[in-house]
Each structure stands twice: as C-alpha cells, then as structure tokens.
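Everything on this sheet refers to the single structure shown next.
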Amino acid sequence: MFNFWGSKEQQGQSRPAEASSSSQPWYSPSLVSSPSSSRPQTSGQIPANVSPGEAAGIIVFLKDKSVDELRKLLSEKDAYQQFLLSLDQVKIQNNIKDELRRETLQLARGNLEKEPQITELRNQCRIIRTTELATAQEKLNELERQKEEILKFYSPGSLLHKLQEAMNQADEESEALQEKFLEKEIDTAAFVQKYKKLRTTYHRRALIHLAAKTSTIG
C-alpha cells in the first residue's frame, strides 16, 4: 500500500511537469509576475508604464478575445507582435518615427546638395581673410596712426606748447625791431606801427596761454 500511494504521487508529480513543458510561453515568466511589466518587451512595443487612458484603450482590444486567443498571444511571439502593431497607439508612434526618419533623410540630402556651395563659400572666406582683409587691416592701422597723430597734435599740452612758441616768436621779432630802431635802420613812424602790432600780438597770445593753462590745471 505504501508503494501504491508512492507510485500515484510520483505519477501526479510527473504530469504537471510534462504539461508545463508543453505549454511553456515564449517569454520569461518574470515579465508577467513583475509589477513593472505586464507584458513582454519587444521592438516597437509601447512602454510598460502607460497611462490609465492608454491601458484602458488596450483592454478594449483584449476584452473581446477568447481564452485561446489570449493564450496564443502569451505563447506565440509572432501573434503578440502582430497584435501589438495593430494598436492605434503603436501605429501613431510608428507613423511619427517614419515621418521623422523621412525628414531627417531629406535634411541630410539637402545638406549634401549644398556641400559644393558651402565649400565655395568657405574658399571665398579664406581668400577674403588672406587678401582683402589683410589690405583692409593695413589701411585701418594707417588710419589709427593718423588719428593718434592728430589727437597728439591737438592735445592741450601740444597746443600750449605751440602757443608758447608763438609768444616767443612775437617777442623776439619785437626786440629785433627795437634794435633796428636804435641803430636807425628804420624810421620812427614805421617802427611805431610795426612794434605796436607785434606787442599787441604777443600780449594777446600771452593772455590766451594764461587762460588755457589755468583751465587745464583747474
């Protein structure tokens, strides 16, 4: 009797093993038991963490299927893939992907078609940098040098220096005229007229020099 129950128990244990091996699904059982994934991942499959609205839309497609059809989806990869690609959400994603691929290819072709033009423009820029730009840079440097000279010439210090020289020149000319008058090389009327003019010029320049120097110091 002991052997009878033992043999029956062994027979009962061997049958589920045979059944499980004959109906083994094409995906890993952990994909079903895992809370983060309710169906196998395949290429083109929508993410497992779909929104409730998307999940409800998928359930609509599944609720009218028979038990055999559902088992077929779980056991046959091709059937599952065909069902997956028939979903509206997947179709929309595939259409978007195809559209993006077409646009990318179109942009790439456009860039390739413009490559000769880009190369030509690059060569022109190189020529401009080496010839026209160099000439323009040289001219700009010359203008900068002239500007510096002009600013230096009309600087307050330079103008005061030139005004001082003009004062000295008027003073020297008046002294030279006075020596000529003392040596009787010029008559009195001509001496008075020229001497008065030179001293007036000297004092006017002296006043301007003093005012400009005071303004600069202040």
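Heavy atoms only: backbone and side chains are in, while hydrogens, waters and symmetry mates are out.
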Chi angles and distances behind the side-chain hydrogen bond (donor to acceptor under 3.5 Å, both in side chains) call for Gln164, Asn168: CA-CA 6 Å; Gln164 182 66 50; Asn168 296 336; 3.2 Å; yes
Would you say Glu69 has more than 12 foreign heavy atoms packed within less than 6.0 Å of its CD? yes
Run the salt bridge (charged side-chain N to carboxylate O under 4.0 Å, His left out) check on Lys162 and Glu165 step by step: do they pass? CA-CA 5 Å; Lys162 293 181 181 300; Glu165 290 180 347; 5.6 Å; no
Do Arg126 and Asn123 come close enough that some side-chain heavy atom pair is under 4.5 Å? yes
May I ask you to check whether Asn141 and Gln137 show a side-chain donor-acceptor distance below 3.5 Å? yes
Taking all atoms of both residues into account, what is the closest heavy-atom pair of Leu177 and Tyr195, and its distance? CD2-N, 3.3 Å
Using a 4.5 Å cut-off on heavy atoms from C-beta on, say whether the side chain of Asn111 contacts that of Ile118. no
Hey, does the side chain of Gln117 reach the backbone of Lys114 with a donor-acceptor pair shorter than 3.5 angstrom? no
Answer with yes or no whether the hydrophobic clustering places Phe153 together with Leu151; edges join I, L, V, M, F, W, Y residues whose side-chain heavy atoms lie under 4.5 Å apart. no
Please say whether more than 12 non-hydrogen atoms of neighbouring residues, nucleotides or ligands are located less than 6.0 Å from CD in Gln146. yes
Looking at Met167, is its backbone amide N or carbonyl O close enough to the side chain of Asp171 to form a donor-acceptor pair, meaning the two atoms are under 3.5 Å apart? no
Hey, does Leu105 have a side-chain heavy atom less than 4.5 Å from the side chain of Arg109? yes
Answer yes if Phe191 and Leu198 sit in the same cluster of Ile, Leu, Val, Met, Phe, Trp and Tyr residues linked by side chain heavy atoms under 4.5 Å apart, and no otherwise. yes
Quick check: do Tyr202 and Glu173 have side-chain heavy atoms less than 4.5 Å from each other? no
Indicate yes or no: at least one non-hydrogen side-chain atom of Asn95 is less than 4.5 angstrom from one of Glu99. no
Basic-acidic side-chain contact under 4.0 Å: Arg145, Glu142: yes
In terms of hydrophobic clusters joined by side-chain contacts under 4.5 Å, are Val192 and Phe181 together? yes
So, Glu149 and Lys152, do they make that salt bridge, N to O below 4.0 Å? no
Heavy-atom pair with the smallest gap, counting every atom of Arg205 and Ala170: NH1-CB, 4.0 Å
Going hydrophobic residue to hydrophobic residue with side-chain gaps under 4.5 angstrom, can you get from Leu87 over to Leu70? yes
Contact summary for Leu210 and Thr214, nearest pair of heavy atoms: O-OG1, 2.7 Å
Do Thr119 and Arg122 have side chains that approach each other closer than 4.5 Å (heavy atoms only, starting at C-beta)? yes
Heavy atoms only: give me the nearest Leu160-His209 pair and the separation to one decimal. O-CD2, 3.5 Å
More than 12 heavy atoms of other residues, nucleotides or ligands under 6.0 Å from NE2 of His161: yes or no? no
Counting only heavy atoms not in Glu138, do more than 12 sit closer than 6.0 Å to its CD atom? no
